[in-house]
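Please read the structure below before turning to the comments.
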2 protein chains.
Amino acid sequence: MADRGYPGAMTTELQPGAAPEEDWLRLDRQICFSLHAASRAFNGVYRVLLKELGLTYPQYLVMLVLWEHGETPVKKLGEHLRLDSGTLSPLLKRLEAAGLVRRERSTRDERSVQVGLTGEGAALRERALSVPRRIMSATGFSLEEIRDLHTRLDRLTTALDAAALEETPGCR
Amino acid sequence: MADRGYPGAMTTELQPGAAPEEDWLRLDRQICFSLHAASRAFNGVYRVLLKELGLTYPQYLVMLVLWEHGETPVKKLGEHLRLDSGTLSPLLKRLEAAGLVRRERSTRDERSVQVGLTGEGAALRERALSVPRRIMSATGFSLEEIRDLHTRLDRLTTALDAAALEETPGCR
DNA sequence: CACAATTCAGTTGTGCACAATCAAATGGCG
DNA sequence: CGCCATTTGATTGTGCACAACTGAATTGTG
């Protein structure tokens with residue numbers, strides 16, 4: 001414990017191109033790792049808050065989409081949340097088993113499955129209203145800071161997604 | 001796709017305390033979600049880069065610790081990475097099966113298991129040296145931006161961890 | 001119409017995250 | 001010594017993430 005801080009910061013002043021690759025290895029761990037850790041820390045707080053709603057964090061994300069947009073096909077849910085059917089199918093079954101959503105095949109296109117809210121699922125929204133404020137206060141960040149962080153993270157995600165596509169071996 | 005931007009930004013100007021809780025719900029999705037998405041996007045890029053090393057991202061994190069600190073007990077690994085034995089035990093077994101690490105019970109304290117590098121595991125470090133630079137370039141961020149982001153994320157993680165402890169029902 | 005390509009959800013398999021529980025080893029105390 | 005709390009890793013169970021594959025339905029093309 002108590003190993004916060006930059007392990008590379010003590011060795012060199014890190015001018016671009018001047019640091020040996022050794023230092024990058026150490027700094028790197030801090031970059032990717034801090035994001036990883038922040039994501040899990042967020043998950044931990046949500047876990048506590050959402051337990052009283054009977055939701056996991058990804059299930060909460062699905063409910064947010066349904067509360068905002070109403071009935072939605074699985075495909076669209078996946079686009080909103082960037083999740084594929086391998087993740088969504090079992091997750092939606094659990095939400096259905098919990099009585100929060102309905103799943104039924106579209107009559108127009110038999111390939112599509114429409115996901116909608118049950119009365120219970122729609123009612124849960126009221127109890128979820130306090131969650132965002134409590135999360136906000138848990139971060140200790142101001143609204144402006146959160147916005148700024150959000151902008152940076154979105155930029156990061158866009159860049160990383162693009163890089164992953166270029167880098168993928170069978171894709172050039 | 002193309003739903004980047006703040007869904008709440010069009011409705012109100014979001015002065016603290018002035019926005020109705022409805023808007024918080026929507027803004028919230030963007031905050032937690034952008035972090036979640038960034039984390040998975042990072043994971044995606046690492047997945048591509050690390051495939052040629054035969055490592056997953058969490059396995060790479062373990063190797064980073066071992067390359068930096070040498071032989072380490074499981075307990076210490078967990079503290080460095082904030083992971084418990086339920087995650088580490090099977091992960092380490094896979095690394096052992098891949099011939100990259102050794103696991104052996106300490107002779108001093110039979111409860112402790114020391115994890116060390118094999119020759120192959122130590123040699124892998126050379127091939128991993130280029131990873132951080134490639135990740136850096138994938139983000140498109142400057143060193144300064146990365147540092148700044150790192151600082152914010154660490155602050156966020158610390159605040160969230162503290163909040164989770166306070167919020168935990170059986171802990172007050 | 002027939003047939004190939006595409007779209008969409010589901011299934012399977014692997015791996016990570018974490019809570020809960022267990023068992024063995026250790027160390028302290030009477 | 002005998003007993004008990006603590007430490008430490010392992011195990012089990014649930015749920016998410018994602019790749020690869022399956023199969024049904026739809027669409028495009030000749």
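- If you take CG of B:Leu91 and C1' of D:dT11, they are 16 Å apart, rounded to a whole angstrom.
- At whole-Å resolution of the value, CZ in B:Arg47 and P in D:dC18 are 6 Å apart.
- What separates CZ of B:Arg108 from P of D:dT8 is a distance of 15 Å, to the nearest Å.
- Atom-to-atom, OH of B:Tyr46 to C1' of D:dC18 comes out at 19 Å; the value is rounded to the nearest Å.
- B:Glu96 places its CD atom 14 Å from the C1' atom of D:dG9, with the value rounded to the nearest Å.
- Using bins of under 30°, 30° to 60° and over 60° for the plane-to-plane angle, the ring pair B:Tyr46/B:Tyr60 lands in the tilted bin.
- Listed by chain and residue number, nothing satisfies the side-chain hydrogen bond (donor to acceptor under 3.5 Å, both in side chains) test with A:Tyr57 (two or more places apart in sequence, or in another chain).
- A straight line from CG of A:Asn43 to C1' of C:dA19 spans 13 Å, rounded to a whole angstrom.
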Output a table of donor-acceptor pairs, distance under 3.5 Å, between side-chain atoms of residues 111-118 of chain B and any protein atom two or more places apart or on a different chain; print 'none' if there are none.
| unit_1 | atom_1 | unit_2 | atom_2 | d |
| --- | --- | --- | --- | --- |
| B:Arg111 | NE | B:Asp109 | OD1 | 3.0 |
| B:Arg111 | NE | B:Asp109 | OD2 | 3.3 |
| B:Arg111 | NH2 | B:Asp109 | OD2 | 2.7 |
| B:Thr118 | OG1 | B:Gly99 | O | 2.6 |
| B:Thr118 | OG1 | B:Leu100 | O | 3.1 |
| B:Thr118 | OG1 | B:Glu120 | N | 3.4 |
| B:Thr118 | OG1 | B:Gly121 | N | 3.0 |

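- Atom OH in B:Tyr57 sits about 14 Å away from atom P in D:dC18, given to the nearest Å.
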Letter per nucleotide, 5' to 3', of nucleotides 3-13 of chain C [B base touched, S only sugar-phosphate touched, - untouched; heavy atoms, 4.0 Å]:
----BSSBB--
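- Evaluation of the salt bridge (charged side-chain N to carboxylate O under 4.0 Å, His left out) test over residues 52-65 of chain A, restricted to residues two or more places apart or in two chains, returns A:Glu52-A:Arg134.
- Rounded to whole Å, the distance from NZ on A:Lys51 to P on C:dA20 is 6 Å.
- The salt bridge (charged side-chain N to carboxylate O under 4.0 Å, His left out) check on A:Glu110 picks up nothing, with sequence neighbours excluded.
- Sorted by first and then second residue, the pairs that involve residues 95-104 of chain B and meet salt bridge (charged side-chain N to carboxylate O under 4.0 Å, His left out), not counting sequence neighbours, are B:Glu71-B:Arg102, B:Glu96-B:Arg103, B:Arg102-B:Glu104.
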